[in-house]
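All remarks here apply to the structure that follows.
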Number of protein chains: 2
Amino acid sequence: MTLQQLRCIVAMVRNNLNVSETAVALHTSQPGVSRHIRQLEDELGVALFERSGRQVTAITAAGHDVIRVAESVLAGAEDIRSLGRQHSDPHAGELRLATTHTQARYVLPGIVRAFTDRWPRVDIHIHQGTPAQMARMVESGEVDFVIATEGEHHYDALAMLPCSRWHRAIVVPPGHALEKLAAIGSLTLEALAAYPIVTYVFGFTGRSRLDRAFHARALVPDVVLTATDADVIKTYVRTGLGVGLIARMAIEAGADDDLVALDASHLFESSVTHIGMRPRRALRPFMHDFIERFAPHLTPALVDAALSAPTPEKRARLFDEIALPER
Amino acid sequence: MTLQQLRCIVAMVRNNLNVSETAVALHTSQPGVSRHIRQLEDELGVALFERSGRQVTAITAAGHDVIRVAESVLAGAEDIRSLGRQHSDPHAGELRLATTHTQARYVLPGIVRAFTDRWPRVDIHIHQGTPAQMARMVESGEVDFVIATEGEHHYDALAMLPCSRWHRAIVVPPGHALEKLAAIGSLTLEALAAYPIVTYVFGFTGRSRLDRAFHARALVPDVVLTATDADVIKTYVRTGLGVGLIARMAIEAGADDDLVALDASHLFESSVTHIGMRPRRALRPFMHDFIERFAPHLTPALVDAALSAPTPEKRARLFDEIALPER
DNA sequence: GCCGCTTACGCCATTCGTAAGGATC
DNA sequence: GATCCTTACGAATGGCGTAAGCGGC
């Protein structure tokens, strides 16, 4: 039994039981993967995958059990490498994030600034992508963390820890009719639905909550333009294309003073930002520090407890009593 | 990083940081071990062992952390092999025990009989040895379980689960003076100490409890002969050499009717029999079944909980509330 | 001077990738 | 016919063991 064999069977699951894809993902040849799987099966004396002819079609019961353990073995090997880096130089390393534009542009800058002051020799890489892409980046180990607010179902295989609760705002040019409605407390979903709307692309930054709110009132919003980032949205609001609907944290004092922001937290359910990572994996000290700066209630002890929780349910229970900061 | 490298560093700890001994234990050459350690250190970029010149003298902080994780990785690899055996044939396998003569001769026969009826294709191997030898056999994986009542300090690295509480008996030829004392309830340690005693060798079958009881009363027992097993002791009692002091469970109806057994549970502290195994290791179903037959309170769920407990303290706490059967 | 670890070297086993072959949809 | 996995084969890497070297105790 070798670690490479275990890598193959684990990667097979993440690659639709397709040997060729798995080979690409592992940067090796396809016969190599095929051989490793067969050798491991020979050594264990039991088939791990079901085959119809030459096609790999399913995972056997034995395969399920073995792959589960193999994942933890590989996680352990990864932890050992991480320990090596940590001890060889505790103050140097990489922090690789995948996140959305909203976080990268409006939330992270202050945190990253303080973080780099404390850890000058840790390099930070911020990747952007769709929820599905970001999930894959974390699962494959390409990045350490994903910070996300949408697309929960993509993140089933990850430990998602709640970080903060955030609300929405409506942005309009000064003098807009909605501004007057807001002033007298009459800003409703119905009023909003009367105007063309500019907001996030579906699947990004809590967009689903937004659609759900309209749908619950049997309203059909007239979404004339969508974008993945609030800067673009605000730009079109400035041109008079429509009413902007964005995260409250995406409004900057100074730069956005030419627009009027109206609180919309009573119109839409709040959303929760999560930080996601691979479970059962040890974090380096600077990673713990980053998480704690991003969400002060996520202490190293709590995060470690969450990461070592045997099931997602037990993990979730750790956060039942915790009040999230609001943004 | 290879599993073999991890095996080397883990084995180093169990072999006094001695590369040559480690090589023997791993059935390989000494330069091989040396190379593997150095290569792993190179890959991780940190020294795992401290060296004074060429001598390996200590484990570094990094080494401690890495070895701890390496142990769990190797345990996982072992679990995978075990899963293979289990799925390839759930009803066949080996159950390898290390225990003392008392258990093997007087306690296990009934249990083994019922067990083999249920698992006819599981081969049972019973090894005997001193506590130190038995501990090594389990640690090295040579046997699966040790059943022991003495020499706790040898078993620090194992998960020791309490099985049953047992008491002592005095065996004498019929008509012995102690028999009369017992009949009138006057059997005391002082009375016992007046006679030559035949009992277990030091380090076996709760012998230390016995010495402690005499010592607490400032008595010096006249131990004229010791043996590792009760059969030998009873034989010498029959020849009139002295008074036998053995485990109550070592007295058989029928075979021992020519001797008189006097209860001595009020004279000596009771002892607890433990079953020991390597922690953080999955057990096969028939192993769980064996344990439960041996100690009905040790359900598979409880055993699994104990084996996955992070510290010996947490493991011990699982048994705080549990009443042990008495023998 | 002995013991113990490291380095050097040669052999062998294993692995890996390319190329061809067979099965399935 | 296209896709996908397996088998076959040759090159190369790496592991292993023997033998020699070197540093502490």
Side-chain angles (χ1 to χ4, degrees), chain A residues 1-60 62-63 66-67 70 73-74 77 80-81, chain B residues 1-60 62-63 66-67 70 73-74 77 80-81:
Chain A
M1 183 189 313
T2 68
L3 291 172
Q4 184 70 352
Q5 291 170 347
L6 301 184
R7 253 175 239 124
C8 287
I9 60 167
V10 168
M12 277 287 279
V13 181
R14 297 227 172 287
N15 290 279
N16 314 312
L17 304 183
N18 183 313
V19 178
S20 311
E21 283 182 39
T22 302
V24 174
L26 293 178
H27 307 106
T28 181
S29 73
Q30 176 263 353
V33 174
S34 187
R35 244 193 322 259
H36 274 137
I37 294 171
R38 197 156 283 279
Q39 282 174 343
L40 184 58
E41 288 180 322
D42 286 349
E43 180 178 342
L44 298 181
V46 62
L48 302 176
F49 298 102
E50 283 176 13
R51 298 165 172 83
S52 90
R54 307 209 154 190
Q55 234 76 341
V56 177
T57 55
I59 309 174
T60 63
V66 169
I67 287 166
V73 168
L74 293 175
I80 289 175
R81 274 184 267 272
Chain B
M1 183 189 314
T2 67
L3 290 171
Q4 185 70 351
Q5 289 170 348
L6 301 184
R7 254 174 239 126
C8 286
I9 60 168
V10 168
M12 278 287 280
V13 180
R14 297 226 170 287
N15 289 278
N16 314 310
L17 305 182
N18 182 313
V19 178
S20 310
E21 281 182 39
T22 303
V24 174
L26 294 178
H27 306 108
T28 182
S29 72
Q30 176 265 350
V33 174
S34 186
R35 246 194 322 260
H36 275 137
I37 294 171
R38 195 157 285 276
Q39 282 174 344
L40 184 58
E41 288 180 323
D42 285 350
E43 180 179 342
L44 298 180
V46 60
L48 302 176
F49 297 101
E50 282 176 13
R51 297 165 172 83
S52 90
R54 307 209 154 191
Q55 234 78 343
V56 177
T57 56
I59 308 174
T60 64
V66 169
I67 287 166
V73 168
L74 294 175
I80 289 175
R81 272 185 268 270

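What you are looking at is a predicted structure, and each value in this text was computed from that prediction instead of being measured. Lettering follows sequence order; numbering is per chain, from 1.
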How do A:Ser52 and A:Ser29 order along DNA chain C: which one's closest nucleotide is nearer the 5' end?
-> A:Ser29

Expressed in angstrom and rounded to an integer, what is the separation of [X] atom [atom1] from [N] atom [atom2]?
X: A:Asp42; N: C:dT14; atom1: CG; atom2: C1'; value: 15 Å
X: B:His27; N: D:dG17; atom1: NE2; atom2: C1'; value: 16 Å
X: B:Glu43; N: D:dG14; atom1: CD; atom2: C1'; value: 14 Å
X: B:Gln30; N: D:dG17; atom1: CD; atom2: P; value: 11 Å
X: B:Arg35; N: C:dC9; atom1: CZ; atom2: P; value: 13 Å
X: A:Asn18; N: C:dC25; atom1: CG; atom2: C1'; value: 14 Å
X: A:Arg38; N: D:dA8; atom1: CZ; atom2: P; value: 12 Å
X: B:Leu3; N: D:dG15; atom1: CG; atom2: C1'; value: 15 Å

Candidate nucleotides [options], ranked by approach to the side chain of [X] - the nearest:
X: B:Arg51; options: C:dT15, C:dA19, C:dT6; result: C:dT6
X: B:Thr28; options: C:dC5, D:dG17, C:dG17; result: D:dG17
X: A:Ser20; options: D:dC4, C:dT18, C:dC5; result: D:dC4
X: B:Gln55; options: D:dC16, C:dG4, C:dC16; result: C:dG4

When rounded to the nearest 0.5 Å, the distance separating CZ of B:Arg35 from CG of B:Leu40 is 14.5 Å

How is A:Gln39 classified with respect to the nucleic acid when contacts are heavy atoms under 4.0 Å: base, sugar-phosphate, or nothing?
->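 Sugar-phosphate contact only - A:Gln39 comes under 4.0 Å of backbone atoms but never of a base.
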
Please check the phosphate of C:dC16 (OP1 and OP2 only) for any side-chain N or O of A:His36 closer than 4.0 Å.
-> yes

